[in-house]
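Everything below concerns the one structure shown next.
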Amino acid sequence: YMAYDKYGYIRLFDLPTYTRNKDAIEESATVIKTKNTGTIFVFTDTGNLHQMKVKDIPTCKAKDRGTPCDNLCNYDSTKENIILITSIEDMTKAKYVLATSNNLIKTFNGDELVTVRKTIAYTKLDDGAKVIMLSAIEDNGQIIAHSAGNYFLNIELASIPNQKRG
């Protein structure tokens, strides 16, 4: 199990440690079940996708702080913010919806992003634009967007175009 907390620290737990301390770990961090041969994907608000191998993440005790994400991949916490962390097992099965600050909404399949490179751009952004939402979705559903002018927009996921990376 891999845990990521709000301060940017990543910890890896073996099954017995996680089982004994499950409540404390889940209370303070996002937990992802993964294999020790797997890969963790870090999506950022600048449109970058960083990869790290699970075997490079140090195994910790329940009370350990962990290792900063900056030290494990090309992620730079001074320039970008993490919006989603997932495992390769979960990512390749999922379809994602993405929304940017300049009003772009699109969907894409997670398996298109698997690569050998440590960092790729999962979407192209205009100058000054940021990714404001990225979430795994099901094919039949909807999202509700809230504007700064206090308007709400109900969007059917089927109406959003599925695009390739870029």
Side-chain angles (χ1 to χ4, degrees), residues 1-15 18 25-26 29-60 65-141 143 145 155 157-166:
Y1 289 87
M2 196 257 344
Y4 171 76
D5 67 17
K6 64 182 178 182
Y7 303 108
Y9 288 91
I10 293 182
R11 302 175 287 170
L12 192 66
F13 300 105
D14 56 13
L15 184 59
Y18 177 75
I25 294 169
E26 288 180 352
T30 302
V31 177
I32 299 170
K33 184 176 181 178
T34 185
K35 298 177 182 175
N36 62 351
T37 58
T39 304
I40 299 295
F41 292 89
V42 178
F43 291 88
T44 67
D45 63 347
T46 58
N48 291 328
L49 170 65
H50 305 286
Q51 296 186 54
M52 66 182 101
K53 295 185 186 305
V54 173
K55 68 179 182 179
D56 295 337
I57 303 171
T59 304
C60 296
R65 176 177 274 172
T67 305
C69 187
D70 297 48
N71 297 351
L72 297 170
C73 61
N74 293 338
Y75 168 72
D76 184 359
S77 62
T78 61
K79 297 179 184 168
E80 50 193 351
N81 297 310
I82 294 174
I83 55 172
L84 180 69
I85 291 185
T86 188
S87 67
I88 192 168
E89 295 89 358
D90 294 338
M91 191 179 85
T92 54
K93 297 177 200 169
K95 186 175 181 178
Y96 292 91
V97 63
L98 167 127
T100 67
S101 60
N102 60 345
N103 305 321
L104 170 75
I105 297 177
K106 71 176 185 176
T107 62
F108 60 90
N109 296 322
D111 58 356
E112 296 173 358
L113 301 176
V114 177
T115 180
V116 295
R117 297 161 99 202
K118 283 188 124 184
T119 301
I120 63 168
Y122 67 92
T123 189
K124 292 180 185 172
L125 296 171
D126 295 335
D127 290 339
K130 297 259 186 209
V131 176
I132 56 173
M133 194 255 323
L134 177 67
S135 180
I137 58 168
E138 297 177 11
D139 283 331
N140 55 355
I143 59 173
I155 305 168
L157 292 174
S159 68
I160 300 173
N162 192 28
Q163 298 179 349
K164 300 280 184 197
R165 177 176 65 121

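What you see below is based on every heavy atom in this structure, not just the backbone, and it leaves out hydrogens, waters and symmetry mates. On a predicted model such as this, the values are computed, not experimentally measured, just so you know.
- To the nearest 0.5 angstrom, Ile40 atom CD1 is 12.0 Å from Lys53 atom NZ.
- Ser87 approaches Thr34 most closely through the heavy-atom pair CB-OG1, 4.0 Å.
- Taking CD of Glu112 as the reference point, atom OG1 of Thr92 lies at 12.0 Å (rounded to 0.5 Å).
- For the atom pair CG (Leu104) and NZ (Lys124), the distance works out to 12.5 Å, reported to the nearest 0.5 Å.
- Paired with His50 under the rule side-chain hydrogen bond (donor to acceptor under 3.5 Å, both in side chains), one option of Arg117, Lys118, Glu80 passes, and it is Glu80.
- The backbone N or O of Lys130 lies less than 3.5 Å from a partner atom in the side chain of Ser101, making a donor-acceptor pair.
- A donor-acceptor contact shorter than 3.5 Å is absent between the side chain of Asn81 and the backbone of Asp45.
- Using modelled atom types, one finds no donor on one side chain facing an acceptor on the other under 3.5 Å when comparing Thr119 with Asn48.
- A distance of 7.5 Å separates OG1 of Thr100 from CG of Asp126, quoted to the nearest 0.5 Å.
- Using a 4.5 Å heavy-atom cutoff, the side chains of Ile88 and Gln51 are not in contact.
- Between atom CG of residue Asp56 and atom CG of residue Asn71 there is a gap of 12.0 Å, rounded to the nearest 0.5 Å.
- Closest approach of Gly66 and Cys60 over heavy atoms only: CA-SG, 4.0 Å.
- Side-chain atoms of Thr107 and Leu98, non-hydrogen and from C-beta on, never get closer than 4.5 Å to each other.
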Practice task
Take Lys79 and Thr44 through the side chain to side chain contact (heavy atoms under 4.5 Å, CB included) test and state the conclusion after the steps.
Solution key: CA-CA 10 Å; Lys79 297 179 184 168; Thr44 67; over 6 Å; no
Handout entry: Stepwise side chain to side chain contact (heavy atoms under 4.5 Å, CB included) check, Thr123 with Phe108
Key = CA-CA 10 Å; Thr123 189; Phe108 60 90; over 6 Å; no
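- Residues Ile10 and Met2 have side chains in contact (heavy-atom distance under 4.5 Å, counting atoms from C-beta outward).
- Between the Asp5 side chain and the Gly8 main chain, a donor and an acceptor come within less than 3.5 Å of each other.
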Practice task
Could you give me the CA-CA distance, side-chain angles and deciding distance for Asp70 and Asp76, then say whether side chain to side chain contact (heavy atoms under 4.5 Å, CB included) is met?
Solution key: CA-CA 6 Å; Asp70 297 48; Asp76 184 359; 4.1 Å; yes
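- At a threshold of 4.5 Å between non-hydrogen side-chain atoms, the residues Tyr75 and Ile82 count as touching.
- The shortest distance between side-chain heavy atoms of Leu113 and Tyr96 does not fall below 4.5 Å.
- In plain terms, the two heavy atoms of Tyr122 and Val131 that are nearest each other are OH-CG2, 3.5 Å.
- Using a 4.5 Å heavy-atom cutoff, the side chains of Thr30 and Ile85 are not in contact.
- Annotation for Ala94 and Ala136: closest pair CB-CB, 4.2 Å, computed over non-hydrogen atoms.
- Closest of all the heavy-atom pairs between Leu125 and Gly47 is CD1-N, 3.8 Å.
- With rounding to the nearest 0.5 Å, the separation of OG1 in Thr67 from CZ in Arg11 is 10.5 Å.
- Summarising the geometry of Ala3 relative to Phe13, their closest heavy-atom pair is CB-CE1, 3.7 Å, with the distance given to 0.1 Å.
- By the 4.5 Å heavy-atom criterion applied to side chains, Ile57 and Met52 are counted as neighbours.
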